[in-house]
Amino acid sequence: MSLIIIERSMLSEKYKQIIAVTLIIIFLFYSLYLYLSLPVKEGPVTNMVLKGKSIWQQSNCIACHQVYGLGGYLGPDLTNTYTLRGPAYITAFLQSGTAIMPKFHLKKIEIEALLAYLQNLDASGKADPRTFTINTNGTIEQ
Amino acid sequence: MIVAMILLATGMIWGLTGGLQYVIPGFLKQYLSFEKVRPLHVSSVVFWIILGAMGAVFTYLQQHTGKKIYSQTFLKIQLVIFIFSITGILISYSLGIFGGREYWEYPPVFALPIAIGWILFLINFIKSVGSLKKQPVYVWMWLTGVLFFLFTFLESYLWIFPYFRNNIVNDMTVQWKSYGSMVGSWNMLIYGSSIFLMDKISNTKSYSHSGIAFILYFTGLFNLMFNWGHHIYTLPTHTYIKHISYAVSMTELFILGRIIYQWKSTLSLAKKNFHLIAYRFLAAADVWIFLTLLLAIFMSIPGINVYTHGTHITVAHTMGATIGINSFLLLAIAFDIFSESCYSFESYKKIVNRGYWITNISLFVFWVSLIGAGIIKARWQLSTSQVPFSDMMLQLRPYLILFVIAGTTMTTGFYFVIFPLLKNQLLCYFGKATKERKQQDIIHLPVSE
């Protein structure tokens, strides 16, 4: 019954416009609110971290690797690899490549910058799903 | 549409190359390693969807209004901008020059012409439509798609500002906010066009003006705006984003419920119209909407998402949506538009039919193999005694081999379908079609009330 009432009222041009405008206003407010209150408020990061992020992007690492489970599927998730494997292990991979990963011919300073970025990424949180708690209402806690 | 289909045809070759790199480690590593092949594939097929959707909207908009679009010049400029930008993007990937953002992996400088081209699309669309008063639902959907694509595309480049870029969690929150809504935007363009096509086939406009059509549209818009958080449940971002997304995503149950409720009538309609090539693809898309939506709803529950996130189940969902829904709907639209513009497809019915079934069966095997691989990776991700990543990849190998075989047959099936479409259009523009016929086809009569 309620669906029929909604359906009839939805035929009205006025209601359509009211719903559309309301949704757009809420969406814009939501977007603006998010931009102004981003989840992490911390001081400026070092130039090495920013340089590392830039190398990460220029080498298109995300095509094969994931960060927080988002990215490619050919290589492992690298969110917490700095803690799990350590800088020496990562450096060896970056210098030699693997059967699948190409050798990127990075300079020493570039490898150091990438390590700084991965360290910064590692400190941002945990991506391992085993560390999550699943609540009975379907939500999760980190 | 022609450029879009060429992109689809080449994009599938890149997809197959990438698939082979999964099962033959180091395949073409020296020349075209995976970090080049993946964006070549992704950008080609994403631009197939975007250009195809634009072509559908422009053609059907003219049929809807019964007159030419506002500016042919804008349209030509827009097309030239897109062709040059896409060519530049694909060349930059081949040379290993990246911007390195997932999906938009090209250097950010290419975003500028794309945004300009899209603004021309927006102006052309708004000027051609005039007023939204008493417009059918598909016009609302087109306008939503055009507006929100521009908004989300610009939003996806906020990362160039240090305020958004400097922290990884902030950056990823905004990045996936934009991507989540962007997909919804091009879906609006394609779904709107398919509603127009359905009206055309059934020779009625009763659905596109109905209350239920608008209820479903607003449900879709609501999800487009607020459900993007399901991509980042595992990111340590604001909790409210996740809760809003979870609640909003569950409204899709209403759409799912309606599909199940309408199943019988959908089936009888399919039997009635199955002789039409365009309708066959609409019918196939209906099945994929059901499967993809079912998977999407499960994945939108955070407690289930913990298991599926970062696994090939996510890829199965994406493939179901982009191939089974978006591509099939665009092919339905292409058959409708092209059959009116030059020659009928009667003589190609056999090859198209063969392609149709090969594509559909292959896609199902492709989809199942990805889910199988995803289940194994999910078990690995949650295992307390985790074997190394490379060992887990070896366990996925049988599924990935099946995935590549299905991908190869699916590409073959798609080629059977695309070949007549491309041949038809090339003959139309460069060959035997008469001048009169071409002129007739510029404007079609509006769909009868």
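It should be emphasised that the depicted structure is a prediction, and the values quoted were computed from it without experimental measurement. Basis for what follows: all heavy atoms, side chains included, without hydrogens, waters or symmetry-related copies. Lettering follows sequence order; numbering is per chain, from 1.
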Is there a side-chain contact between [X] and [Y] in this structure, where contact means two heavy atoms from C-beta onward sitting under 4.5 Å apart?
X	Y	result
I62(A)	Y103(B)	no
Y73(A)	M393(B)	no
K126(A)	P236(B)	no

Less than 6.0 Å separating the ring centroids of F27(A) and F151(B)?
yes
Heavy-atom proximity to chain B below 4.5 Å, by part of [X]:
X	answer
V67(A)	both
E141(A)	neither
T79(A)	neither
K41(A)	neither
L23(A)	both
L28(A)	side chain
I134(A)	side chain

Write down the atom of [X], the atom of [Y], and the distance for their closest heavy-atom approach.
X	Y	result
Y246(B)	N137(A)	OH-O, 2.8 Å
T234(B)	Y68(A)	OG1-O, 3.4 Å
N60(A)	P39(B)	ND2-CG, 3.5 Å
K53(A)	R165(B)	NZ-O, 2.9 Å
Q57(A)	F98(B)	O-CB, 3.8 Å
W140(B)	A20(A)	CZ3-CB, 3.8 Å

Shorter than 4.5 Å, heavy atoms on both sides: which option in [options] has the most such pairs with chain A?
options	value
N167(B), V174(B), L396(B), I301(B)	N167(B)
Q381(B), Q30(B), K133(B)	Q381(B)
I97(B), L132(B), T311(B), T314(B)	T311(B)
K377(B), K242(B), K36(B), K134(B)	K134(B)

On the 0 to 90° scale, with breaks at 30° and 60°, tag the Y35(A)-F164(B) ring pair as parallel, tilted or perpendicular.
perpendicular
Let me know if [X] has heavy atoms under 4.5 Å from chain A in its side chain, its backbone, both or neither.
X	answer
F148(B)	side chain
Y22(B)	both
P25(B)	both
M225(B)	both
T384(B)	backbone
H243(B)	side chain
Y233(B)	both

Quick one: which of A127(A), G125(A), G97(A), S37(A) has the most heavy-atom pairs under 4.5 Å with chain B, could you say?
S37(A)
Under 4.5 Å, counting heavy-atom pairs only, tell me which of I100(A), T98(A), N120(A) racks up the most with chain B.
I100(A)
Just grab all the ring pair (Phe, Tyr, Trp, His ring centres under 6.0 Å) pairs involving residues 99-138 of chain A, residues at least two apart or on different chains.
W56(A)-Y117(A)
Output, in order, the C-alpha distance, side-chain angles, deciding distance and verdict of side-chain contact (heavy atoms from CB on, under 4.5 Å) for L34(A) and T173(B).
CA-CA 9 Å; L34(A) 179 65; T173(B) 303; 4.2 Å; yes
Give a yes or no on whether the backbone of [Y] and the side-chain of [X] come within a donor-acceptor separation of less than 3.5 Å.
X	Y	answer
R130(A)	S383(B)	yes
Q58(A)	G99(B)	no
H231(B)	L70(A)	no

Could you please spell out the steps behind the side-chain contact (heavy atoms from CB on, under 4.5 Å) verdict for I26(A) and F226(B)?
CA-CA 10 Å; I26(A) 296 170; F226(B) 305 109; 3.7 Å; yes
After noting the C-alpha distance and the side-chain angles of I244(B) and Y30(A), does the key distance pass the side-chain contact (heavy atoms from CB on, under 4.5 Å) rule?
CA-CA 11 Å; I244(B) 288 173; Y30(A) 186 38; 3.8 Å; yes
Any donor-acceptor N or O pair under 3.5 Å, side chains K177(B), S31(A):
yes
